[in-house]
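Please read the structure below before turning to the comments.
Throughout, numbering of the chain's residues begins at 1 and tracks the sequence. Read the numbers this way: they start at 1 and go in the same order the structure lists the ligands and their atoms. We use all heavy atoms of the structure for the numbers below, so side chains are in, but hydrogens, waters and symmetry mates are not.
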Amino acid sequence: MAEERSCRICGKPFLPNKYRPNQTICSSLECQYQRQLDNMKTWRGMNPHYFKYKETQDSSWKETCRRRSLDWRKKHQEYLKLYREEHRDRHRNYMRDYMRDYRKQNKLTQENKPVA
Ligand SMILES: [Zn+2]
């Protein structure tokens, strides 16, 4: 039977998995998540130029990204255009009402102004 040991992260005692005798972290979600973060940090520390390398060297990947963002922009613009067309009348009506109220309000204040 495996020996009980304390978790490197939370310090709680746990029984290592028999398939992973070198396990130093318990199986709680928090500790596993922390372990993943640590792994990522360590890995990035060892490969600081990995992402840069990917971006500058892998032209097909770059092209894919570029195309994807262009597609997104195109779709987005089409969507905005449709949206504007759909709301143009509503906006026009809104502005017309707004201006009518504004003029009315203006007229009222003008009329109520005491004659100097
Ligand atoms: Zn733990």
Side-chain angles (χ1 to χ4, degrees):
M1 177 141 167
E3 217 177 296
E4 204 179 58
R5 55 180 80 177
S6 46
C7 169
R8 195 161 60 83
I9 290 168
C10 68
K12 282 180 191 154
F14 72 99
L15 287 171
N17 189 307
K18 65 177 168 183
Y19 301 110
R20 286 188 296 157
N22 296 324
Q23 196 181 353
T24 55
I25 290 155
C26 74
S27 53
S28 82
L29 280 180
E30 287 88 357
C31 292
Q32 290 300 317
Y33 179 67
Q34 189 58 50
R35 187 181 61 104
Q36 273 177 22
L37 286 184
D38 284 357
N39 282 352
M40 189 90 89
K41 238 182 259 172
T42 311
W43 185 84
R44 280 212 184 138
M46 289 191 299
N47 305 272
H49 304 299
Y50 180 78
F51 291 107
K52 236 184 209 169
Y53 171 80
K54 279 301 257 189
E55 276 168 29
T56 51
Q57 300 295 313
D58 195 341
S59 58
S60 66
W61 179 78
K62 209 173 159 189
E63 180 61 27
T64 308
C65 276
R66 204 176 65 89
R67 206 176 296 149
R68 205 175 289 160
S69 78
L70 276 177
D71 275 359
W72 183 86
R73 214 177 297 165
K74 217 172 118 190
K75 270 184 202 140
H76 200 73
Q77 274 171 354
E78 274 163 20
Y79 170 78
L80 276 178
K81 211 176 124 194
L82 280 175
Y83 181 88
R84 275 197 218 108
E85 272 165 15
E86 212 172 280
H87 290 79
R88 196 184 285 151
D89 288 345
R90 200 183 292 173
H91 181 71
R92 205 180 280 153
N93 289 343
Y94 170 80
M95 283 312 284
R96 195 191 54 209
D97 288 354
Y98 177 84
M99 285 313 287
R100 196 183 51 206
D101 282 358
Y102 176 80
R103 285 201 202 96
K104 209 200 282 173
Q105 204 66 37
N106 223 20
K107 213 178 158 199
L108 278 176
T109 42
Q110 294 267 324
E111 277 169 1
N112 289 341
K113 224 182 246 172
V115 183

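- Residue Y79 is found in a hydrophobic cluster whose other members, listed by chain and number, are Y83; membership requires side-chain heavy atoms under 4.5 Å apart, directly or through intermediates.
- Other residues, nucleotides and ligands place more than 12 heavy atoms under 6.0 Å from the CZ atom of R5.
- More than 12 heavy atoms of other residues, nucleotides or ligands shown are found within 6.0 angstrom of CE on M99.
- Taking CG from D101 and CG from N106, the interatomic distance works out to 12.0 Å, rounded to the nearest 0.5 Å.
- Around the Zn ion (ligand 1), the protein contributes the following N, O or S atoms under 2.8 Å, ordered by chain and number: C7 SG, C10 SG, C26 SG, C31 SG.
- Sorted by first and then second residue, the salt bridge (charged side-chain N to carboxylate O under 4.0 Å, His left out) pairs involving residues 69-82 (not counting sequence neighbours) form an empty list.
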I'd like a table of donor-acceptor pairs (distance under 3.5 Å, sequence neighbours excluded) in which one partner is a side-chain atom from residues 31-39, with atom names and distances.
residue	atom	partner	partner atom	Å
Q32	OE1	R35	NE	3.1
Q32	OE1	R35	NH2	3.0
Q32	NE2	C26	O	2.7
Q34	NE2	D38	OD1	3.3

